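Computed from a predicted structure; not experimentally measured. Convention: sequence-line order gives letters A, B, ...; per-chain numbering from 1.
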Amino acid sequence: MHTNNKKETTHKKMELTKNFEHQSAEQKWYSHWMHKQYFKSIPDGREPYTIVMPPPNVTGVLHMGHCLNNTIQDILVRRARMTGKNACWVPGTDHASIATEAKVVAMLRERGITKSSLSRDEFLSYAWEWKEKYGGIILQQLKKLGCSLDWDRTSFTMDKGYYDSVIKIFVSLYNKGVIYRGKRMINWDVKALTALSDEEVIRKETRQKLYHLKYAIEGTNDFIIIATVRPETIMGDTAICVHPEDERYKHLHGKFAFVPLINRRIPIIADEYVTMDFGTGALKVTPAHDINDYTLGQKHHLEVVDVFNDNGTISEAAQIYVGMERFEVRKKIAIELEEKGILLKTEEYTSEVGYSERTDVVVEPRLSLQWWLSMKDISSPALKAVMEEEIKFYPSKFKNVYRHWMENIKDWCISRQLWWGHRIPAWFDINGKFVVAENEAAAIAQFEIEHGITNATLKQDEDCLDTWFSSWLWPFEVFKGYSQPKNEEIKYYYPTNTLVTAPEIIFFWVARMIMAGFEYMDAKPFQEVYFTGIVRDKQGRKMSKSLGNSPDLLNLIDQYGADATRFGIMIASPAGNDILFDESALEQGRNFNNKIWNALKLIKMWEGRQSKDDFNESSFAIDWFGNRLNEVSLEVEIMMQQFRLSEALKTVYSLIWDDFCSWYLEWIKPGFEQPINTSVYNKTIGYFSELMQLLHPFMPFVSEEIYHLLQETTEDLCVRQYKTAITPDKTILEKGLLLKNTISGLRDVRNKQQLKPKESIRLFIQTENKVVFQSIESILSKQINAILIDFTSENVANSFTTVIGKDKFYVVSEQPVDTANQKSDLEKELTHLKGFLISVEKKLNNEKFVQNAKPEVLALEQKKKADAETKIKVIEESLANLVN
RNA sequence: GGGAGCAUAGCUCAGCUGGUUUAGAGCAUCUGCCUUACAAGCAGAGGGUCCGCGGUUCGAACCCGUGUGCUCCCA
């Protein structure tokens, strides 16, 4: 290895490392960008481009879903920043009431403290302490990924101002009459001791047993047999129901039966709700513990017997097994029933059971007094906006999902029996009279107005609000749009541009933000919603903590680099489709970094080796690549508008690797230790810079690093503005394609002739486009190692003949010509072309085709025919010559 | 039970208004190369019943129907 040291010293230049070293580059550039305040946005004369980040749980750590989500947002934001927009990306976290409270409770338990031993204030001070200490780690992790967020705007759903806005909105909705208290069937989490919304219940296929039980019929020795998966609830039975048309049970309508073990007398009723062919066709009705039974109970005026306590143990009302845990009772009662001959049989049965999203315990349907938000009125503008595409969904298939939910919307249970969150602003006196007001003083005053009692002693509701009741304000309250109406920022940034989120929270969050936007800002919260896919592992399983199939992201970033991680996750994620995460994609990203790095090394070698010599031989390469760059820039622009990010990245990847590295650089590359023309060199630096600019939104670190190594500059790629791409020259692009095809075809000939790279050839071209080939001749000879290229009008003896497109090439070398091989190749090609010609002719001979097809289609088919005929003729001639 | 979506090369996916070649890309595979930026590389190649069946059409991977398999959402 001998390098020219003299040049190194005269040309202030660093020794470039073997491979791209991501660690140092990432650190260096992120702090540089921060220092320059490139991510900071202040309203100005430019058009804004705003994204509010879906706030992760304050206790969260970065996982694959966040990584995908935030990479997409960063790509959009960085591109906007480079196209003249004032880009503003707002970070923040969600207080995530139930998840955080569960973590705090667990932390306290480890320290030997139970929640019940603490006052509300004591508990909350522990929770805040925890939040300050561990909260927001995820935001630091996003910096590692390169996210260009405006950190000065970091918000939290329980910030003072935000908290007050949530309370004010509760009060205003209450005063409008859409918030009410009601006893309803809710989903009860027996571990967290709180109500859950329907969306917080996860249904899972669960293997259970179906128990067949005998209920004695009053005044007879007869029995009716019911099938149930929940024998522990029989003490809550208040009826037996059969289908009115069911012949087996018609004689029992209006009779009574007895609940086993406790012998409560219950009616036998008939209702079409019952499925005749499920179980025995007879259903036990337990209105307190099943939503359908509850409805049935109301219809038939049945008694409600609640046999559970809050924590899932059996209540006094059950009479037996009092205080025991529900699943324990299921086992025990089954044994007792069997011993007493009441249990006839059990069968295996699989059905869906609801589990709490947060604590993973089986959810208990339960009657409970909760706060509700009536959804009918508030949801209709939100439905309309999406249906009429005032807000656009990408991919649009989610419109259907959205419509279905919105059209069947139910009232929202907004209270949670938790302390960590926004405390419900309702005040009660000892008699249960209450008022809703922003604070205690206002409540006392209000109490006098509503109930005529002065200076009442009031106690605030213990519960807090569902987390989503605060996050639905996110797009405007991060700009204080509600607390400081019509302020400069909200006027400038709202409505925001794009929401990037997972389809699983379309109801939790997206729909409700749209409602809140119209309700409180009188305008949609965003122009468009891009739904990402769900990240799955290689086997297609959803990534989850319990499966342990979620890789450690920080590790991956460490190992492959942030750019490679971003590449790996983006390259396989078409809009709205799930993405199968495979580490080999990150490897591909790392290799790509390295490829770019090596291109830089090659060009840097030329830096000190320039000349003013004539550069005619490179002029075609320069023309061609400039046009390719324009062509791809336009393509990428369109793809970005349609959110085809994965495709856009692929296109840029291929432009850099194939067109720039494999073709362009090889075409302009001077011979060993030969100088390069200065203007070719400068053009190349310019192209490389533009390539880095195209790549920057996807892979910000490597592109910025290379950009600065290419040339001395004070400008940063991060804020460099894209220039407008011009329409490329088609003729030049076609010529480039011809050149590429010719080179590949002739390299194939060399391979087949087993020619070593160093063995040169002589090439004779038989063509009607001599002028075209002359203009690319010098590149061609370099690429196929030809010492001579000439044109001919007839067969060349002792040559290997090949046909590429419509032209014929004779390759003369030292190697003996393998005629058989050559012949079979040509014959194969001929068969293919003849088959193709037949299919084209079939169309053209079809009168109906000629009559009905559009003129341009017809012309195309005629051209296809003519081309195929020419090619066939050329191949047939070659074959004829071979025989000789 | 109701609704939505998907099925194209070994894998992951493009194929946008039915006609641009008897279907394209990346990864993987095979062959040959340690060629002077890069072996994490270069050059080249092979690989398809477009899930089955039926229909509409001059023409279907694409539209319609139906069957099968898978995924998701809701009850």
Side-chain angles (χ1 to χ4, degrees), chain A residues 1 16 18-20 198-199 203 275 278 291-292 352 354 395 397-401 403-405 408 503-504 506-507 534 536 538 540 542 564 571-574 576-582 584-585 587-606 638 642 644 646-647 649-651 653-654 657-658 661-662 665-666 669-674 743-752 754-758 783-785 832-840 842-854 856-858 860-861 863-865 867-868 871:
Chain A
M1 219 37 209
L16 291 175
K18 184 170 188 296
N19 292 330
F20 172 61
D198 290 345
E199 289 75 21
R203 295 199 144 71
T275 315
F278 179 79
I291 178 72
N292 296 313
E352 297 214 311
K397 66 180 177 189
F398 289 110
K399 267 172 77 176
N400 286 334
V401 180
R403 185 179 63 200
H404 190 254
W405 191 74
N408 296 288
E504 43 205 9
I506 187 168
F507 311 132
I534 294 166
R536 298 172 180 281
K538 235 173 141 179
K542 202 165 158 177
I571 200 72
S573 65
N577 277 3
D578 288 356
I579 87 157
L580 295 190
F581 179 78
D582 186 349
S584 70
E587 220 170 286
Q588 198 188 338
R590 183 202 55 192
N591 295 352
F592 183 38
N593 273 341
N594 208 29
K595 183 73 188 177
I596 304 170
W597 188 251
N598 276 296
L600 173 75
K601 275 162 75 180
L602 175 66
I603 291 168
K604 277 302 182 186
M605 272 175 49
W606 302 337
I638 291 167
Q642 301 170 337
R644 286 150 60 197
S646 179
E647 251 181 285
L649 175 58
K650 267 181 208 164
T651 307
Y653 171 82
S654 158
W657 197 307
D658 302 328
C661 293
S662 297
L665 287 181
E666 294 297 332
K669 195 184 204 171
F672 185 51
E673 300 216 320
Q674 295 295 302
I743 293 169
S744 292
L746 292 169
R747 278 174 177 167
D748 188 30
V749 170
R750 295 184 56 109
N751 259 356
K752 283 182 180 136
Q754 299 190 311
L755 288 169
K756 293 255 158 56
K758 280 183 180 141
Q783 295 294 286
I784 58 166
N785 190 12
H832 177 263
L833 276 172
K834 281 188 169 163
F836 174 64
L837 183 62
I838 289 168
S839 81
V840 176
K842 233 198 249 165
K843 272 190 212 171
L844 287 169
N845 292 338
N846 183 331
E847 267 177 50
K848 284 187 177 169
F849 171 73
V850 179
Q851 279 165 17
N852 297 327
K854 280 178 275 182
E856 59 271 26
V857 173
L858 192 63
L860 187 75
E861 291 299 320
K863 184 172 182 299
K864 272 155 68 172
K865 183 181 176 210
D867 284 358
K871 287 178 191 175

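- At a cut-off of 3.5 Å, with distance as the only test, no side-chain donor of A:Ser662 or A:Asp658 sits close to an acceptor on the other residue.
- Put simply, the side chain of A:Lys604 never gets that close to the backbone of A:Ala599: no donor and acceptor are under 3.5 Å apart.
- Minimum heavy-atom separation, A:Leu665 to A:Cys661: CB-O, 3.7 Å.
- The side chain of A:Asn751 has B:rA43 as its nearest neighbour among B:rG41, B:rA39, B:rA43.
- When atom types are taken as modelled, the side chain of A:Thr651 and the backbone of A:Glu647 share a donor-acceptor pair closer than 3.5 angstrom.
- We find that NE2 of A:His404 is positioned 14 Å from C1' of B:rG5, with the value rounded to whole Å.
- The side chain to side chain donor-acceptor pair (under 3.5 Å) search around A:Arg747 returns A:Gln783, not counting sequence neighbours.
- When the nucleotides B:rG5, B:rG41, B:rG44 are ranked by their closest atom to the side chain of A:Arg747, B:rG44 comes out on top.
- Of the candidates B:rC58, B:rC73, B:rA40, the closest approach to any side-chain atom of A:Lys848 belongs to B:rC58.
- Taking CD1 from A:Ile784 and OG from A:Ser744, the interatomic distance works out to 11.0 Å, rounded to the nearest 0.5 Å.
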Nucleotide by nucleotide, nucleotides 15-27 of chain B touches protein heavy atoms under 4.0 Å in the pattern (B base, S sugar-phosphate only, - none) -B--BSBB---SS
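- When Watson-Crick and G-U wobble pairs are counted only if both distances are under 3.5 Å, B:rU22 pairs with no nucleotide at all.
- Rounding to whole angstrom units, CD of residue A:Gln674 and C1' of B:rA37 are separated by 17 Å.
- When each of B:rC73, B:rC33, B:rC58 is scored by its nearest atom to the side-chain atoms of A:Phe507, the top-ranked nucleotide is B:rC73.
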